[in-house]
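Taking it in order: structure first as structure tokens, then the write-up.
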Amino acid sequence: TCYNFSDALLSPVYTGRLTISDETLLEEVVFDNFEVKLIFADTSTPSFRFPYGPEYGDSEVPRGSNLCGNEIPLTMNIPVGQSIQQSVYVGSNGVISFGMCAAGIFPTEFSDASLEVPVLAPFWTYHDHREFGDVYYRYIESGYELANVSEIVKLEGDESASSFEASWAVIVTWVNVPPYPADRVTFLKCAQLGASYSPACGNTNSYQVVLTT
């Protein structure tokens, strides 16, 4: 986590960047010949383009290994490869699948014959979702968030997206999900600190995907 800071009392103003690898309260740090006092930030709450959590109407993938959330029926079908899909599933291991749950532990090539389910793989890896991290998702088909999705596609897409209007969107957010096995991460990263597991002293992944058409 990077903390930007400056000391406005000095002339000229010195600025710098300090990288802290764990959630540590530094009462005093000397940097570039001046003092920076009380540097602290809570890194446990990532920020994304769209908000997330139960307070925003999200459902959650249940705790456990290699699980998916409930089926999300789509009001308008979506073409995926040579097929037309009517529903999606969100998996704890960083995969969004179509038609049925695909929560495999390890990634495989999309051309692999064993991959019978069409998937999107934003970050397909073996997450340990038994005790740590959260996986949220919600389906929207109206309102200001859907309008925001349309505007983002228009602004960031190519010329063909200039008139895009979203019919629906699925917003999926993985928050502070650690790699398997998280208990080993806890032992290696946190035991020396005498701290219980937290995103700051373990290796976690946070990312967000918006699927729309």
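Atoms considered below: every heavy atom in the structure, side chains included; atoms not considered: hydrogens, waters and symmetry mates.
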### Task
Kindly determine whether F50 and I140 satisfy side-chain contact (heavy atoms from CB on, under 4.5 Å), including the steps that lead there.
CA-CA 12 Å; F50 290 91; I140 56 175; 5.9 Å; no
### Query
Within a reach of under 6.0 Å around CG of N70, are more than 12 heavy atoms found that belong to other residues, nucleotides or ligands?
no
### Message
Tell me which one of P178, P62, S65, S92 satisfies side-chain contact (heavy atoms from CB on, under 4.5 Å) with H129.
### Response
S92
### Query
Are any of the side-chain heavy atoms of N176 and F132 separated by less than 4.5 Å?
no
### Message
Donor-acceptor pair, distance only, cut-off 3.5 Å: does the side chain of N93 make one with the backbone of H127?
### Response
yes
### Task
Please check if the side chain of Y139 supplies one atom and the backbone of T75 the other of a donor-acceptor pair under 3.5 Å.
yes
### Message
In the structure I gave you, are the side-chain heavy atoms of L74 and W168 within less than 4.5 Å of one another anywhere?
### Response
yes
### Query
Looking only at heavy atoms, what is the nearest atom pair of T173 and Q208, with distance?
OG1-NE2, 2.9 Å
### Query
Can you hop from V117 to I84 via hydrophobic side chains spaced under 4.5 Å?
no
### Message
To check you understand the geometry: which heavy-atom pair defines the closest contact between S163 and K154, and what is its length?
### Response
C-CE, 4.2 Å
### Query
Would you say I78 and F98 make side-chain contact, with heavy atoms under 4.5 Å?
yes
### Message
Assess whether a salt bridge exists between D128 and R63, defined as any Lys/Arg side-chain N lying under 4.0 Å from an Asp/Glu carboxylate O.
### Response
no
### Cluster overlap L120 with V170, hydrophobic side-chain contacts below 4.5 Å
yes
### Query
Given the rule that I, L, V, M, F, W and Y join up when any side-chain heavy atoms are under 4.5 Å apart, are V172 and L67 in one cluster?
yes
### Task
Consider only side-chain heavy atoms of I, L, V, M, F, W and Y, link residues closer than 4.5 Å, and tell whether V210 and Y144 are in one cluster.
no
### Message
How close do P118 and V80 get, counting heavy atoms only, and between which atoms?
### Response
CB-CG1, 3.7 Å
### Query
Are I171 and V61 linked, directly or through other ILVMFWY residues, by side chains that come within less than 4.5 angstrom of each other?
no
### Task
Of all the heavy-atom pairs spanning P122 and G94, show the shortest one and how long it is.
CD-O, 3.2 Å
### Query
Is there a side-chain contact between T212 and F164 (heavy atoms, below 4.5 Å)?
yes
### Query
For the atom pair CG (L146) and CD (E165), what is the distance rounded to the nearest 0.5 Å?
8.5 Å
### Message
Side chains of Y126 and N66, heavy atoms from C-beta outward: is any pair under 4.5 Å?
### Response
yes
### Side-chain heavy atoms of W174 within contact of V90, under 4.5 Å
yes
### Task
For residues S97 and A102, report the shortest heavy-atom separation together with the two atoms involved.
OG-N, 3.1 Å
### Query
How far apart are the closest heavy atoms of Y56 and Y52, and which atoms are they?
CD1-O, 3.1 Å
### Message
Rounded at 0.5 Å granularity, tell me how far CD in Q86 sits from CD in E71.
### Response
9.0 Å
